[in-house]
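Below is one structure, written out as structure tokens; comments come after it.
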Amino acid sequence: MLKLYNTMTGSKEAFQPLVPGTVRMYVCGVTVYDESHLGHARSALVFDVLRNYLQFSGYAVTFVKNFTDVDDKILTRAAQEGVPWTEIVERYLCTYRRDMARLGVAPADIEPKATEHMPEITTMIEALMAKGHAYRLDGDVYFEVRTDPAYGRLSKRKPEDLLAGARVEVDERKRNPMDFALWKSSKAGEPAWESPWGPGRPGWHIECSAMSIRHLGETFDIHGGGMDLIFPHHENEIAQSCAATGKEFARYWLHNGFVQINDEKMSKSLGNFFTIQDIFERSSCSEQVTGDALRYFLLTTHYRSPLDFSDVSVQEAKRALDSLYGLFQRLEEPSGEEGQGEAQLERAVTRLTEAFHRVMNDDFNTAAAIAQFQLLRGEVNRLLETGLSARARAQAREAFRSLGRVLGLFQLSIKEWEFKELEFRARPDDRTQGSRLDRERPEPPSFTDEQIERQLAERNEARRRKDFARADAIRTELSAHGITIEDRPDGTSRWKR
RNA sequence: GGCGCCGUACCCAAGUGGCUAAGGGAGCAGUCUGCAAAACUGCGAUGCGGCGGUUCGAACCCGCCCGGCGCCUCCA
């Protein structure tokens with residue numbers, strides 16, 4: 001039985017979807033006005049893994065993740081650059097999709113855009129007007145918070161408390177400072193859609209209500225997003241959705257913790273901002289390998305905890321993966337006395353599978369799940385010393401691959417993996433710290449597989465002749481090209497790059 | 001001012017009432033090896049920020065204190 005922490009109730013609850021066997025989930029995506037950063041990566045990854053796990057558990061999942069494609073920030077950016085706002089939207093939609101692909105985060109089933117749901121949005125606002133929850137103010141329309149007696153139940157705030165320390169500049173025209181915009185009239189030159197209240201664009205919160213209801217129905221199972229969205233975004237979504245439909249909105253509210261830098265929130269104003277693009281560009285490893293390391297790093301902390309990013313922590317994740325991929329490589333090689341540990345392996349795989357379900361069912365604890373994989377790594381390595389049949393080795397690899405698929409880990413082949421250290425170069429645009437040297441230092445020309453095999457054969461011939469000087473010279477030569485040699489007991493060698 | 005979160009070994013981190021406090025990284029020692037590398041084995045918190053309290057029993061519950069952070073404004 002899957003248990004999920006529900007922000008609404010502040011506790012872990014047994015997950016019971018509205019319609020047995022199916023899950024409808026909505027996650028707040030991004031406003032496409034800039035490069036995506038690690039925080040976006042974490043949120044996207046967390047809910048990607050949740051979706052995978054729900055499917056793995058047998059649910060038919062409908063996953064909706066929106067793009068906010070009309071918003072003040074987009075317009076501001078467009079004005080700064082002197083380009084049409086649609087160009088900003090187009091550009092950052094592309095970079096978001098590129099970054100998600102690199103992270104191995106699959107698209108949602110439906111990825112609606114605000115600009116494509118104007119009829120739903122205006123219809124919903126009209127319903128709120130008709131029911132007395134909203135009022136016009138010149139060309140704008142506001143939601144009247146006072147009409148919702150339950151307002152504040154998600155974020156556990158009372159409207160009175162909110163006013164006490166509010167740093168908001170209150171628009172004096174509003175009936176109540178808490179009231180928020182459903183519709184904003186447009187100024188000259190701004191994008192505008194026709195509405196009963198004149199040309200304008202939707203407020204931020206209404207689009208998520210309109211689009212989630214449009215694609216998932218008035219009541220659905222899971223609504224997710226970053227912690228910071230709890231208030232006011234999700235609070236407002238609940239208020240307007242329930243007011244419009246008279247029904248419960250989302251049943252389970254899930255929120256992921258922040259990515260921090262040096263224990264502080266990552267933000268542009270603090271200047272500690274890491275874009276996903278940055279990380280991939282600066283990594284010394286391939287995109288696939290960097291993506292895996294990043295995923296592993298992001299998933300070794302429980303999704304609700306804050307997570308501190310540093311180069312070192314990603315390097316540690318990479319090293320941890322190296323030991324796993326080292327095992328996968330050995331699993332592709334014949335091992336000693338065939339067949340000895342089959343029964344033990346069977347038990348170990350069963351144990352992993354059970355433990356994986358147990359910890360993932362507990363509020364999808366990916367950190368504990370990864371620990372289970374590490375436990376299996378140790379067991380399989382021990383069994384490999386006594387010998388495993390080809391069938392058992394394939395079974396072990398398959399256990400990592402099939403369960404790992406939920407986390408998006410362990411999917412690469414040995415040829416695709418890189419055993420070299422993951423290092424972060426200085427940022428390409430940083431000219432102050434010798435970064436040009438880093439950038440321009442050429443990668444040593446690599447050998448082809450055939451060349452390596454030839455040198456290895458020569459080296460092992462030399463070892464048989466006890467010509468260790470020659471053998472070590474070859475090893476040094478290969479090492480200079482990023483190739484590591486591991487000698488097996490039988491006189492043959494494996495190599496890694 | 002209001003609401004809330006965090007503090008577990010050198011570093012990261014799971015665990016939130018009861019088996020020896022997961023797992024990873026780094027380190028040290030050993031096995032193996034011509035030497036390495038890898039793998040394996042062992043070592044590593046008598047204690048979970050501090051002090052009290054509740055309990056037969058607490059890292060986990062309660063109170064106070066110390067330190068750090070978030071939200072209350074756009075924010076994943």
Side-chain angles (χ1 to χ4, degrees), chain A residues 7 10 12 27-31 33-34 36-47 68 71-73 76 152 155-158 160-170 178 204 224-233 235 255-260 262-269 296-297 300-302 304-308 310 312-324 326-327 329-330 355 359 362 365-375 377-378 380-382 384-385 419 463 466-469 471-472 475-476 479 484-489 493-496:
Chain A
T7 306
K12 283 185 201 170
V27 171
C28 290
V30 292
T31 301
Y33 76 106
D34 204 350
S36 317
H37 56 68
L38 262 181
H40 299 120
R42 187 182 192 194
S43 184
L45 179 57
V46 159
F47 291 107
T68 298
D71 174 270
D72 289 347
K73 291 191 292 294
T76 305
S155 57
K156 319 280 183 276
R157 291 155 207 255
K158 303 185 189 100
E160 312 89 79
D161 296 339
L162 286 164
L163 295 176
R167 286 173 281 161
V168 208
E169 262 185 58
V170 174
M178 293 306 304
W204 177 36
M227 287 280 188
D228 52 333
L229 297 182
I230 294 171
F231 189 91
H233 185 54
E235 199 69 75
H255 294 97
N256 65 277
F258 275 113
V259 176
Q260 309 184 328
N262 297 324
D263 293 325
E264 281 182 319
K265 176 178 173 175
M266 189 168 73
S267 76
K268 288 181 180 174
S269 53
Y296 188 99
F297 160 65
T300 44
T301 298
H302 184 85
R304 283 190 283 114
S305 301
L307 176 153
D308 208 53
S310 67
V312 170
S313 51
V314 179
Q315 286 165 347
E316 284 190 4
K318 167 64 168 57
R319 288 194 202 115
L321 280 168
D322 282 339
S323 63
L324 263 337
L327 170 62
Q329 181 173 25
R330 262 166 270 131
V359 300
D362 186 9
N365 191 336
T366 54
I370 286 174
Q372 292 301 324
F373 285 111
Q374 291 288 359
L375 242 29
R377 171 176 70 91
V380 176
N381 268 323
R382 279 189 290 279
L384 234 26
E385 293 198 336
F419 287 92
R463 287 170 68 212
K466 301 259 191 274
D467 181 1
F468 296 120
D472 290 350
R475 183 166 62 195
T476 306
S479 169
T484 309
I485 293 174
E486 295 172 10
D487 294 334
R488 300 193 188 90
S493 306
R494 79 169 63 87
W495 57 271
K496 294 174 172 176

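Order of the sequence lines fixes the chain letters, A, B, ..., with proteins taken first and strands second; residue numbering starts at 1 for each chain.
Of the candidate nucleotides G23(B), A13(B), C74(B), C74(B) has the atom nearest to the side chain of K73(A). In this structure, of G34(B), G15(B), A76(B), it is G34(B) that holds the atom nearest to the side chain of D472(A). Checking G24(B), A14(B), G23(B) against the side-chain heavy atoms of L375(A) singles out G23(B) as nearest. Residue S323(A) places its side chain closer to G25(B) than to any other of G25(B), G15(B), A76(B). For E385(A), taking side-chain heavy atoms from C-beta onward, the closest of the listed nucleotides G34(B), G24(B), C40(B) is C40(B). For N381(A), counting side-chain heavy atoms from C-beta on, the closest listed nucleotide (A76(B), A39(B), C71(B)) is A39(B). You'll find that the side chain of L229(A) is closest to A76(B), out of A76(B), A14(B), C12(B). Taking the side chain of E486(A) as heavy atoms from C-beta on, and the options A38(B), G34(B), A76(B), the nearest nucleotide is A38(B). Candidate nucleotides G34(B), G24(B), C3(B) were compared by shortest atom distance to the side chain of K156(A), and C3(B) ranks first.
Using a 4.0 Å heavy-atom distance criterion, V259(A) is classed as a base contact. Across all strands, T301(A) comes closer than 4.0 Å only to sugar-phosphate atoms, never to a base (heavy-atom distances). Using a 4.0 Å heavy-atom criterion, one finds that G39(A) contacts the bases of the nucleic acid, with or without backbone contacts as well. Heavy atoms of G225(A) sit under 4.0 angstrom from primed sugar atoms or phosphate atoms, though from no base atom. Contacts of H302(A) with the nucleic acid, taken as non-hydrogen atoms under 4.0 Å apart, involve only primed sugar atoms and P, OP1 or OP2. Using a 4.0 Å heavy-atom cutoff across all strands shown, F297(A) reaches no nucleic acid atom at all.
For the pair A320(A) and R330(A), both in contact range of RNA chain B, the more 5′-proximal nearest nucleotide belongs to A320(A). RNA chain B is contacted by both G378(A) and D362(A); D362(A) maps to the nucleotide lying nearer its 5′ end (nearest heavy atom per residue).
Separation of the P atoms belonging to G52(B) and G57(B) is 16 Å when rounded to the nearest angstrom. Comparing the P positions of G17(B) and G7(B) gives a spacing of 15 Å, expressed to the nearest Å. Taking atom C1' in both C12(B) and C51(B), the straight-line distance is 29 Å, to the nearest Å. The separation of C5(B) from C64(B), taken at their P atoms, amounts to 14 Å, rounded to a whole angstrom. Between U16(B) and A39(B), the two P atoms lie 31 Å apart (nearest whole Å). A gap of 30 Å separates the P atoms of A26(B) and U20(B), to the nearest Å. C10(B) and A45(B) have their P atoms separated by 9 Å, given to the nearest Å. When the P atom is used for both A14(B) and G23(B), the distance is 15 Å, rounded to whole Å.
Under a cutoff of 6.0 Å and an axis angle of 45°, R463(A) and F468(A) do not form a cation-pi pair.
Between K12(A) and D362(A), at least one side-chain N (NZ, or NE/NH1/NH2) sits under 4.0 Å from a carboxylate O, which counts as a salt bridge.
The main-chain N or O of G257(A) is found under 3.5 Å from a side-chain atom of R42(A) such that the two form a donor-acceptor pair.
For T476(A) and S479(A), the side-chain atoms include no donor-acceptor pair closer than 3.5 Å.
Between A367(A) and T300(A), the shortest heavy-atom contact is CB-O, 3.3 Å. Between R488(A) and S493(A), the shortest heavy-atom contact is NH1-O, 3.4 Å. Taking each heavy atom of K156(A) and E235(A) in turn, the nearest pair found is N-OE1, 4.5 Å. Nearest heavy-atom pair across F231(A) and M178(A) is CZ-CE, 4.0 Å.
Look at NZ on K496(A): it is 6 Å from P on A39(B), rounded to the nearest Å. Atom-to-atom, CD of Q260(A) to P of G7(B) comes out at 12 Å; the value is rounded to the nearest Å. One can place CZ of R319(A) at 15 Å from P of A37(B), the figure rounded to the nearest angstrom. Here the P atom of nucleotide C11(B) and the CD atom of E316(A) are 11 Å apart, to the nearest Å. With rounding to whole Å, R382(A) atom CZ is found 19 Å from C32(B) atom P. Put simply, CZ on R42(A) is 15 Å from P on G70(B), counting in whole angstrom units. Regarding D72(A), its CG atom lies at a distance of 16 Å from the P atom of U73(B), rounded to whole Å. What separates CZ of R304(A) from C1' of A14(B) is a distance of 13 Å, to the nearest Å.
Residue R377(A) places at least one side-chain N or O closer than 4.0 Å to OP1 or OP2 of G24(B). OP1 or OP2 of A14(B) lies within a sub-4.0 Å distance of a side-chain N or O belonging to S305(A).
On a pure distance criterion of 3.5 Å, no polar donor-acceptor pair joins the side chain of R475(A) and the base of A37(B). Between the side chain of D228(A) and the base of G70(B) there is no donor-acceptor pair of N/O atoms closer than 3.5 Å. With hydrogens and angles left out, the side chain of D487(A) and the base of C35(B) share a donor-acceptor pair within 3.5 Å. No hydrogens or angles were tested; on distance alone, nothing pairs the side chain of Q374(A) with the base of G24(B) as donor and acceptor under 3.5 Å.
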For this session: Give the intermediate values and the outcome of salt bridge (Lys or Arg N to Asp or Glu O under 4.0 Å) for residues D472(A) and R475(A).
Result: CA-CA 5 Å; D472(A) 290 350; R475(A) 183 166 62 195; 3.4 Å; yes
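Residues I485(A) and K496(A) form no side-chain contact, since every pair of their non-hydrogen atoms from C-beta on lies 4.5 Å or further apart.
Here the OG-CG distance, from S43(A) to D228(A), works out to 8.5 Å after rounding to the nearest 0.5 Å.
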Problem set entry | Secondary-structure notation, RNA chain B, from Watson-Crick and G-U pairs under 3.5 angstrom (| other strand) | ((((((((.[[[..)..(....]]].(((((.......))))).....[[[[[..)....]]]]])))))))....
